[in-house]
Amino acid sequence: MLYCSTRNKEKKVSLAEAISLGLADDGGLFLPEYMPKIDISSLDQNMSYANFAAVILKDYFAGDILEPSLGRICHNSFNFPCPLTKLDDKTQILELYHGPTLSFKDFGAQFLAETMNELAKLDEGKKITVMVATSGDTGSAVANAFYGKSNVNIVVLFPKGQISKRQEQQIATYDDNVIALAVDGTFDNCQSIVKEAFGNEWWHDTAHISSANSINLGRLLPQMTYYAYTSYHQYLQTKKAVNLIIPTGNLGNATAAYFAKSMGFPIGQIVLATNANRVIPDFVKSGVFTPKASIITVANAMDVGNPSNFERLHELYPDFADFVANVSAHSINDEQIKETIKSTYEKHKVIICPHTATAVYVREHCLNIEDKSKSWIVISTAHPSKFETVIEPILGIELSIPNKLNEVLHRPNLAIDSSASLDAVTKIVKHNFFK
Ligand SMILES: *Cc1c(COP(=O)(O)O)cnc(C)c1O
């Protein structure tokens, strides 16, 4: 399997290259040259999640230097469950938050870390430096996933004082090959520093910079596996395709669902839920894609004004009529999110995070009568305890903290202060990793 850019079908690269590069050199996103098909009757229903994942990702790894490592990568990455729980008779919740940092981003980050570590090993032990800017969940998932991977150093930049205490503890308490820099600036400043580093000679030639953001294929491919696994096992029970509602920001999670559907997994309708950042719902209405500055909401991991995976999803359905036949999207405001957190707790005694609440709101209020009567799976993207500052005042209760989170809350914070310039960041990185 080879991969081409969304902007140029002619130039093809290997999977290993696509993952190391992150972004194509013409600025496009990598897509497989064709979508592999699966015959679900050939699958063995007793396979473990990791084995199942390796089977469905096989075609994407075919012929690559990474192919012999796929089984090991899956085994090391997927060692936590993704249970379906019942909300009401026609609604289930797919809990994607049982990984080490309690968000669905663990699936992608763990897989990418294993893959990059393998790649560095295969490349005569060349060390890679991954730099990532974060406003929350990405940084924690990536820091945890790469921690202790001996062939990769990792630098996480976050805006000082602008992420929650819990988020900071999840990012800044690692030693060894992970450093967290508290940057005196905004998230946008952090992101500009990363972009600048990609064009910098030292970062390119000596640090071997790579990225771990959500456009990397190494995060997208593993996210297909939970849609494949869940839809397959549901189909065995019901003989029906599953309908999905997905909380959406950069469109990484949702695009993975469309990939799984294109492969032939029994997935019916896919409906996207955004917060007040409504670029996708507006596109579905108007056919015009207009990136905007992001708006701050209570579902902050979805505060995205220019969804980076749009180009990939658009390439799956280039014709607008086809796009709207496959993609519907609704924008949910903060009041509606809060109201849903409250009503879901009151009606079902289930506590959901603000991101998940956008999808539950869509389930209850945005479907037409015919669709509403069908069965749906709502995707739950994070454990509620990560967003206690939003949820506790609404519910008037104190949320219990899972052990995985509690553990990091008591470790020393090792964040290093940095001013918002590439020079300052480079100095710190040289001092820590290139002595
Ligand atoms: C990242 C994130 C999202 C958005 O996912 P995308 O792949 O960017 O669309 C939703 N919820 C949570 C909790 C997240 O961390």
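Atoms within each ligand, like the ligands themselves, are counted from 1 in listed order. Model, not experiment: these values are computed from the prediction.
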So is Arg411 actually on top of Tyr174's ring, under 6.0 Å and inside 45° of the axis? yes
The atoms of ligand 1 lying under 4.0 Å from a heavy atom of Ala382, numbered in the order shown, are 13 (C)
Which pairs of donor and acceptor atoms, one on a side chain in residues 316-331, lie under 3.5 Å apart (sequence neighbours left out)?
| from | atom 1 | to | atom 2 | distance (Å) |
| --- | --- | --- | --- | --- |
| Asp319 | OD2 | Asp322 | N | 3.4 |
| Asn326 | ND2 | Asp322 | O | 2.9 |
| Ser331 | OG | Asn275 | O | 3.0 |

Evaluation steps, side-chain hydrogen bond (donor to acceptor under 3.5 Å, both in side chains), between Asp88 and Thr91: CA-CA 5 Å; Asp88 61 40; Thr91 314; 2.9 Å; yes
For the residue pair Phe80 and Phe107, is the inter-centroid distance of their aromatic rings smaller than 6.0 Å? yes
Side chains of Asn151 and Asn117: any donor to acceptor distance under 3.5 Å? yes
Short version for Lys386: what comes under 4.0 Å of ligand 1, heavy atoms counted, is neither
If you measure from each non-hydrogen atom of Asp137 to ligand 1, which part falls under 4.0 Å: side chain, backbone, both or neither? side chain
By number and element, which atoms of ligand 1 are closer than 4.0 Å to a non-hydrogen atom of Gly252? 6 (P), 7 (O), 9 (O)
At a 4.0 Å threshold, what atoms of ligand 1 neighbour a non-hydrogen atom of Met302? 3 (C), 4 (C), 10 (C)
If you scan protein heavy atoms around atom 5 (O) of ligand 1, the nearest is Phe104 CZ, 3.4 Å
Does the N or O separation between Leu251 and ligand 1 drop below 3.5 Å for any pair? yes
Passing option when Leu244 is tested against Leu272, Thr230, Ile267 for side chain to side chain contact (heavy atoms under 4.5 Å, CB included): Ile267
Under 4.0 Å from a heavy atom of Asn253: give me the atoms of ligand 1 that qualify, with their elements. 7 (O)
For Thr248, atoms of ligand 1 separated by under 4.0 Å from a heavy atom: 9 (O)
Audit row: Tyr49, Thr225, side-chain hydrogen bond (donor to acceptor under 3.5 Å, both in side chains) steps and yes/no: CA-CA 8 Å; Tyr49 189 98; Thr225 62; 2.7 Å; yes
Minimum heavy-atom separation for Ile56 to Met263, with atom names? O-CE, 3.6 Å
According to salt bridge (charged side-chain N to carboxylate O under 4.0 Å, His left out), does anything in residues 210-229 pair up with another residue at least two apart or in another chain? List the pairs. none
Please state which protein non-hydrogen atom is closest to atom 11 (N) of ligand 1 and give its distance, to 0.1 Å? Thr381 OG1, 2.8 Å
Write out the residue and atom name of the closest protein heavy atom to atom 4 (C) of ligand 1, then the distance separating them to 0.1 Å. Gly249 N, 3.6 Å
Counting non-hydrogen protein atoms only, what is the nearest one to atom 6 (P) of ligand 1? Give residue, atom name and distance. Asn250 N, 3.6 Å
Considering the heavy atoms of Lys105, write down every atom of ligand 1 situated less than 4.0 Å from one of them. 1 (C), 2 (C), 3 (C), 14 (C), 15 (O)
Take every heavy atom of Tyr97, measure it against each atom of ligand 1, and state whether any distance is under 4.0 Å. no
